[in-house]
Amino acid sequence: MSSQFACRGLYIGNEWVQPQSGSMDAVINPATQEVIATVPVGGRSEVDRALDAARQAFDHGPWPRMSPKARAQILQRLHDGLLRRAAEIASLIVAEAGATQALAASMHFAAPLQHFQYFIDLLVKRDFAQPVEVQAVPGFTGGKVLAAHVKVYEPIGVVAGITAYNFPFFLNLVKVAPALAAGNTIILKPSPYTPLEALVIAEVAEEVGLPPGVLNVLTGDATVGEALTTDPRVDQVSFTGSDVVGAKIMAQAAPTLKRIQLELGGKSALIVCADADLEAAATAGLINFTVQAGQGCVLATRAIVHNSVKAQYVDTVARMARQMKLGNPTDPSVQMGPLIRDAQRARVERFVQSGLDSGARLVCGGRRPKGLDQGFFYEPTLFDDVDNSSEIAQEEIFGPVGVVIGFDTDEEAIRIANDSKYGLGGGVFSRNVGHAYEMALRLRTGGVSINGGAGAMSSKAPFGGVKRSGIGREYGEEGLNEYLQIKTIDFHGG
Ligand code: NAD
């Protein structure tokens, strides 16, 4: 397996382009700190060129005018082309994002391809011009007329897809797949930490003959993102990242009134009831702050545990956390890799100090692991006796830090869970599933997993947040609808 990647340039209008500025950025393997690629930093001139290409492809090209079935055929080739490169892409995800091998193959790679296939199948099955039943309506000159309508689902235009670093292949593909399935054209701007998977998607798009300008990839930093979100040639912004940047994007996109979709951060709650299967709840609790080293938007990092079982829960999670194998995930036995950069680890360390200052009890972790001097590693860290108003219970740490808060009554558990500015995921563990369902209904969040349900792995289930966790939904039919607008055509008969 080679962890080096030969970047051919920015991908614009089916050409590989070098940046006019000549500026290049190093991509670092967070487990070894080695440079694995250098990629161009896009600037104003490349943004202009990509916008012209995407606009031309949308306004005059074949893509939005093709039948959904014809588009599905081309997208199936893109899907299959990506599948053929599975091993290489998974290795890249391990090297670039620090994912463990099991996670790279499943959640990082297989899940978005499954979502992609779902959208392709939907294109074939779904009727994009739906008749609405005939009804008698008041006529302009009195009396009644018969009115018949057709709802036509049309693409919106040029989409700017801007993504975060933590699940690079997944996040990029779940923007590209529905945006293109709907007939839009897209300019994808991946995170500067993890730009390589977006470039692989472009390579395969070129190979399978996607028409010019339909998919463009601009590597670069916030300057590129800002240019895309302010330019009148962009019709829609689909963003995945932090709430802070999400708010900026909303403001940046306001003067040109773009359609926006925001998939943002979270601090989701995992409620563990007194009657829960405690071993299963503790396993889920551990996964929720250690998978991808805790760098996951939907992770339920705030465990709210019934006081009668809290001590046992904490002991079980801490025992499992101490046994986890950390290291370079090229070793398949490694269970947790590094944080993305030293700055992210420093941020985690600041939060851990804040937890100690708040009087919370550090149960395990709270330091860099011994013997791993290269790479941005941090031990799985658990705090007990946490006050829900403290910073470590309220802020998205985005690192391997879990907090535990006790409760006595359901009312209290729901109140604590909902006392958050975020509302993305959440979980309830109880042997009484009906009871868990009743609690799930009362949680102010975009999704709840009962006893460890599949969550974001399901292509049919819409995913997204409320409050500061976002606007809009991904996956499922609703996920495709985000990239479509409705035109109503009506026929009146006197
Ligand atoms: P980030 O918000 O710092 O950056 C995300 C992207 O926005 C990057 O590509 C960045 O270059 C770009 N950007 C930054 N400033 C911009 C601006 N002013 N205008 C336009 N683009 C700009 O996020 P991150 O640190 O890469 O990722 C972590 C965050 O992403 C966490 O908050 C996490 O919860 C969230 N996230 C959410 C989901 C979800 O589906 N809800 C999934 C993954 C990650």
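Atoms within a ligand are numbered from 1 in the order they appear, just like the ligands themselves.
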What residue and atom, counting heavy atoms only, is the protein's closest point to [atom], and at what distance?
| atom | result |
| --- | --- |
| atom 41 (N) of ligand 1 | Leu264 O, 2.7 Å |
| atom 9 (O) of ligand 1 | Thr163 O, 2.8 Å |
| atom 13 (N) of ligand 1 | Val245 CG1, 3.8 Å |
| atom 20 (C) of ligand 1 | Gly225 C, 3.2 Å |
| atom 1 (P) of ligand 1 | Ser242 OG, 3.7 Å |
| atom 7 (O) of ligand 1 | Phe239 CE1, 3.3 Å |
| atom 44 (C) of ligand 1 | Asn166 OD1, 3.3 Å |
| atom 32 (O) of ligand 1 | Glu396 OE1, 2.6 Å |

request  = Quick one: list whatever passes ring pair (Phe, Tyr, Trp, His ring centres under 6.0 Å) with Phe383, sequence neighbours left out.
outcome  =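 Partners of Phe383 by the ring pair (Phe, Tyr, Trp, His ring centres under 6.0 Å) criterion come out as none, since no residue qualifies.
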remark   = For Leu339 and Gln344, the nearest pair of non-hydrogen atoms, with its separation, is CD2-CG, 4.1 Å
note = For Ala53 and Ile12, the nearest pair of non-hydrogen atoms, with its separation, is CB-CG2, 4.2 Å
query = Are Tyr11 and Trp16 close enough that their ring centers fall under 6.0 Å?
reply =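 Ring centres of Trp16 and Tyr11 closer than 6.0 Å.
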inquiry  = In this structure, does ligand 1 have an atom that sits under 4.0 Å from one of the heavy atoms of Gly464?
reply    = no
request  = Return yes when Gly465 approaches ligand 1 closer than 4.0 angstrom through a heavy atom, no otherwise.
outcome  =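 Gly465: no contact with ligand 1 (<4.0 Å).
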message = Is there a polar contact between ligand 1 and Lys189, counting only N or O atoms under 3.5 Å apart?
response = yes
query = Polar-atom distance check: Tyr165 versus ligand 1, any N or O pair below 3.5 Å?
reply =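 Right, the criterion is met.
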[Y] side chain reached by [X] side chain, heavy atoms, under 4.5 Å:
| X | Y | answer |
| --- | --- | --- |
| Arg302 | Ile405 | yes |
| Pro168 | Pro190 | no |
| Val41 | Met24 | no |
| His108 | Phe169 | no |
| Leu10 | Val217 | no |

query = Side chains of Tyr422 and Gln394: do they bring a donor and an acceptor to under 3.5 Å?
reply =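 Side-chain D/A pair, Tyr422 to Gln394: absent.
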request  = Just grab all the side chain to side chain donor-acceptor pair (under 3.5 Å) pairs involving residues 182-203, residues at least two apart or on different chains.
outcome  =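 Of all non-adjacent pairs touching residues 182-203, those that pass side chain to side chain donor-acceptor pair (under 3.5 Å) are Arg85-Glu203.
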ask   = For atom 30 (O) of ligand 1, which candidate among Gly446, Ala343, Gly241 holds the nearest heavy atom?
value = Gly241
message = Judged on heavy-atom distance to atom 37 (C) of ligand 1, which of Ala164, Gly266, Ala253, Cys297 sits nearest?
response =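 Looking at heavy atoms only, Cys297 sits closest to atom 37 (C) of ligand 1.
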Quick one: which ligand 1 atoms are inside 4.0 Å of a heavy atom on [X]?
| X | answer |
| --- | --- |
| Ile162 | 6 (C), 7 (O), 9 (O), 12 (C), 21 (N) |
| Pro192 | 11 (O) |
| Leu424 | 41 (N) |
| Ala222 | 11 (O), 14 (C), 15 (N), 16 (C) |
| Gln252 | 17 (C), 18 (N), 19 (N), 20 (C) |
| Thr240 | 5 (C), 36 (N), 37 (C), 38 (C), 39 (C), 40 (O), 42 (C), 43 (C), 44 (C) |
| Phe463 | 40 (O) |
| Glu263 | 37 (C), 38 (C), 39 (C), 40 (O), 41 (N) |

query = When you measure from the side chain of Asp419 to the backbone N and O of Ser389, does any donor-acceptor pair fall under 3.5 Å?
reply = no
key: Among Lys421, Arg350, Arg468, salt bridge (Lys or Arg N to Asp or Glu O under 4.0 Å) partner for Glu395   = Lys421
inquiry  = Does the plane of the ring in His115 sit parallel, tilted or perpendicular to the ring in Phe170? Use 30° and 60° as the thresholds.
reply    =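 His115 vs Phe170 ring planes: perpendicular.
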ask   = Looking only at heavy atoms, is any part of Val244 under 4.0 Å from ligand 1, and if so is it the side chain, the backbone, or both, or is it neither?
value =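 Under 4.0 Å from ligand 1, Val244 contributes no heavy atoms.
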